[in-house]
Amino acid sequence: MPLSRTSRARTARALAACTALGLLTACGGAEETAGSAESAAEYPTEEIRLLVPYGAGGPTDLTARAYGASLEEQLGQTVVVENLPGGSGALATQELIGADPDGHTLSLATPGTLVLTPLANEVGYTKDDVTPIGVMSEVPSVLAVGADSPYATAEEFFAAARQQPGSLNVGTPGASTPQAIELQRLAEEYDVEVTAVPFNGNAEMTTALLGGNVDAVLINASSDVTANIDAGQFRPLAVSSAEPLPWLPDTPTLAESGFPELTLSGSTFGLIGPDELPEEIVTELEDALRTASEDPAVVEQIGEEYVPAEFQGAEEFQQLLDRTQEVYEPILGG
């Protein structure tokens with residue numbers, strides 16, 4: 001298998017260092033990367049950085065901190081959660097791929113971060129520059145307006161959007177997220193045009209909607225959002241899931257609202273490491289994720305409705321990334 005761009009860069013740096021020291025033979029060849037000699041028995045030997053590509057207070061942050069606490073207990077090392085929002089997830093991912101593949105720098109990631117952002121922008125990485133470890137949670141999206149919005153139903157909202165193309169502003173958690181691309185598909189495939197306004201996660205989107213700075217949000221329907229719905233501050237108009245949600249029983253799906261193809265704007269939150277992360281460390285982290293997903297404290301903190309009933313490990317997360325690339329690459333012209 002050819003080395004990825006990130007691996008080639010690490011190899012070049014290692015060769016340069018070995019040549020300068022006259023230790024090329026001892027370095028073990030060009031394809032050996034930093035950290036590859038560390039065994040699962042030794043890992044981890046220091047604190048673990050867990051990067052979050054969005055701001056504090058949203059579902060990604062909540063998921064990372066819930067799983068981080070369990071990983072810390074299982075692995076016996078401090079797990080430090082660091083929020084690095086920006087660039088629709090690119091900032092945190094760029095930080096990750098520049099780290100040594102020794103398991104001490106990890107990141108939460110979504111298919112949007114790893115597939116859509118590189119397709120839409122030149123960010124210096126692709127999904128092949130990271131190592132998938134497993135899925136932590138799955139969150140559908142909801143199209144919601146504020147309590148004082150003139151739109152009481154999805155039908156009213158989309159009718160207004162048809163009559164005045166581009167006049168309604170809809171917040172999304174980034175410019176290259178599934179939510180933003182689904183709004184692009186709404187215009188291209190259904191001739192309903194709204195103006196997407198990107199934010200760095202749920203917390204910023206909530207502030208914007210409550211402040212009247214956007215007409216609506218297509219937002220992860222995580223516990224912070226459902227709390228606002230329950231409190232009457234948000235009015236849900238439609239959900240992105242293929243089937244109605246039991247916990248939002250009176251809210252139609254986008255498919256039921258006349259847009260049968262728009263079922264892809266939910267978010268899957270997974271754990272990744274740098275490219276060339278040793279298989280032994282991937283297995284140890286995958287096992288720790290599985291244990292965490294069955295931990296009642298983790299499930300309660302994230303919400304039972306968001307933790308998959310059947311654990312999805314490294315292989316399943318890789319398959320999801322591959323499927324996302326297949327669906328969205330033609331749309332984004334990659």
Side-chain angles (χ1 to χ4, degrees), residues 4-5 53-54 60 86-94 109-130 132 135 138-143 154 157-158 161-162 165-201 205 214-221 237-243 253-270 272 316-334:
S4 70
R5 174 174 39 204
Y54 300 101
T60 52
S88 294
L91 184 62
T93 309
Q94 289 163 349
T110 69
T113 301
L114 298 177
V115 177
L116 302 190
T117 296
L119 286 175
N121 306 280
E122 179 51 56
V123 291
Y125 68 83
T126 72
K127 65 180 177 62
D128 298 324
D129 289 312
V130 305
V135 171
E138 295 177 326
V139 184
S141 290
V142 59
L143 179 69
F157 181 85
F158 290 121
R162 282 192 176 96
S167 63
L168 296 181
N169 298 319
V170 179
T172 65
S176 303
T177 57
Q179 291 87 347
I181 306 305
E182 289 291 81
L183 292 181
Q184 180 179 328
R185 294 178 70 199
L186 179 69
E188 293 178 356
E189 298 179 20
Y190 297 100
D191 200 28
V192 178
E193 182 181 351
V194 298
T195 298
V197 181
F199 293 93
N200 285 319
M205 296 168 70
V214 292
D215 298 298
V217 290
L218 186 55
I219 192 169
N220 290 311
L237 301 183
V239 293
S240 68
S241 52
E243 302 294 334
T253 65
L254 287 169
E256 291 173 329
S257 302
F259 313 104
E261 299 298 320
L262 301 188
T263 60
L264 301 177
S265 64
S267 294
T268 297
F269 303 150
I272 61 172
E316 290 84 1
F317 193 25
Q318 181 67 63
Q319 290 172 352
L320 174 61
L321 297 177
D322 293 341
R323 287 199 303 271
T324 303
Q325 179 103 12
E326 182 180 357
V327 170
Y328 281 116
E329 190 166 17
I331 298 170
L332 296 174

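Scope of the values below: all heavy atoms of this structure, side chains included, with no hydrogens, waters or symmetry mates.
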When you measure from the side chain of Gln179 to the backbone of Ser265, do you find a donor-acceptor pair of N or O atoms at a distance under 3.5 Å? yes
Are any side-chain N or O atoms of Thr195 and backbone N or O atoms of Gly166, one a donor and one an acceptor, separated by less than 3.5 Å? yes
Which value, rounded to the nearest 0.5 Å, describes the distance between Asp129 atom CG and Thr93 atom OG1? 10.5 Å
Test item: Pro132 and Lys127 side chains (from C-beta on) under 4.5 Å apart, heavy atoms: no
Can you tell me how far the OG1 atom of Thr177 sits from the CG atom of Leu218, to the nearest 0.5 Å? 8.0 Å
Are Thr113 and Phe269 side-chain neighbours, meaning at least one heavy-atom pair lies under 4.5 Å? no
Measure from the side-chain N and O atoms of Ser257 to the backbone N and O of Ala154, and report whether any donor-acceptor pair falls under 3.5 Å. no
Quick one, Leu264 and Tyr328 - any side-chain contact, counting heavy atoms below 4.5 Å? yes
Please check: side-chain N/O of Gln319 versus main-chain N/O of Leu321, any donor-acceptor pairing under 3.5 Å? no
How far apart are the C-alpha atoms of Glu329 and Leu119, what are their side-chain angles, what is the distance that settles it, and do they pass the side chain to side chain contact (heavy atoms under 4.5 Å, CB included) test? CA-CA 7 Å; Glu329 190 166 17; Leu119 286 175; 3.9 Å; yes
Partners of Asn169 by side-chain hydrogen bond (donor to acceptor under 3.5 Å, both in side chains), sequence neighbours excluded? none
Between Ala175 and Ser88, the two heavy atoms sitting closest are N-OG, 2.9 Å
Which atom names give the shortest non-hydrogen contact between Pro330 and Gln325, and what distance separates them? CD-O, 4.3 Å
In Å, rounded to the nearest 0.5 Å, how long is the span from OH of Tyr125 to CG of Leu114? 6.5 Å
For Ala109 and Ile272, work out which heavy atoms get closest and say how close. CB-CD1, 3.6 Å
Has the side chain of Thr172 got a donor or acceptor atom that lies under 3.5 Å from a matching backbone atom of Ala196? no
Might you point out which heavy atoms bring Ala238 and Leu254 nearest each other, and give the distance in Å? CB-CD2, 3.7 Å
So, Glu182 and Arg185, do they make that salt bridge, N to O below 4.0 Å? yes
So CG of Leu332 and CG of Leu116: to nearest 0.5 Å the spacing works out to 6.0 Å
Spatial distance of atom CD (Glu243) from atom CD (Glu256) [nearest 0.5 Å]: 8.0 Å
Is any side-chain heavy atom of Val239 closer than 4.5 Å to one of Pro140? no
Any side-chain heavy atom of Phe259 sitting closer than 4.5 Å to one from Phe158? yes
Can you tell me how far OH of Tyr54 sits from OG1 of Thr110, rounded to the nearest 0.5 angstrom? 4.0 Å
Write down the atom of Thr253, the atom of Ala242, and the distance for their closest heavy-atom approach. CG2-O, 4.2 Å
Can you find a heavy atom in the side chain of Gln94 that is under 4.5 Å from one in the side chain of Val123? yes
Please name the pair of heavy atoms, one in Ser167 and one in Asp215, separated by the smallest distance, quoted to 0.1 Å. O-OD2, 3.8 Å
Is the shortest heavy-atom distance from the side chain of Val142 to the side chain of Ile219 under 4.5 Å? yes
Are any of the side-chain heavy atoms of Val170 and Leu143 separated by less than 4.5 Å? yes
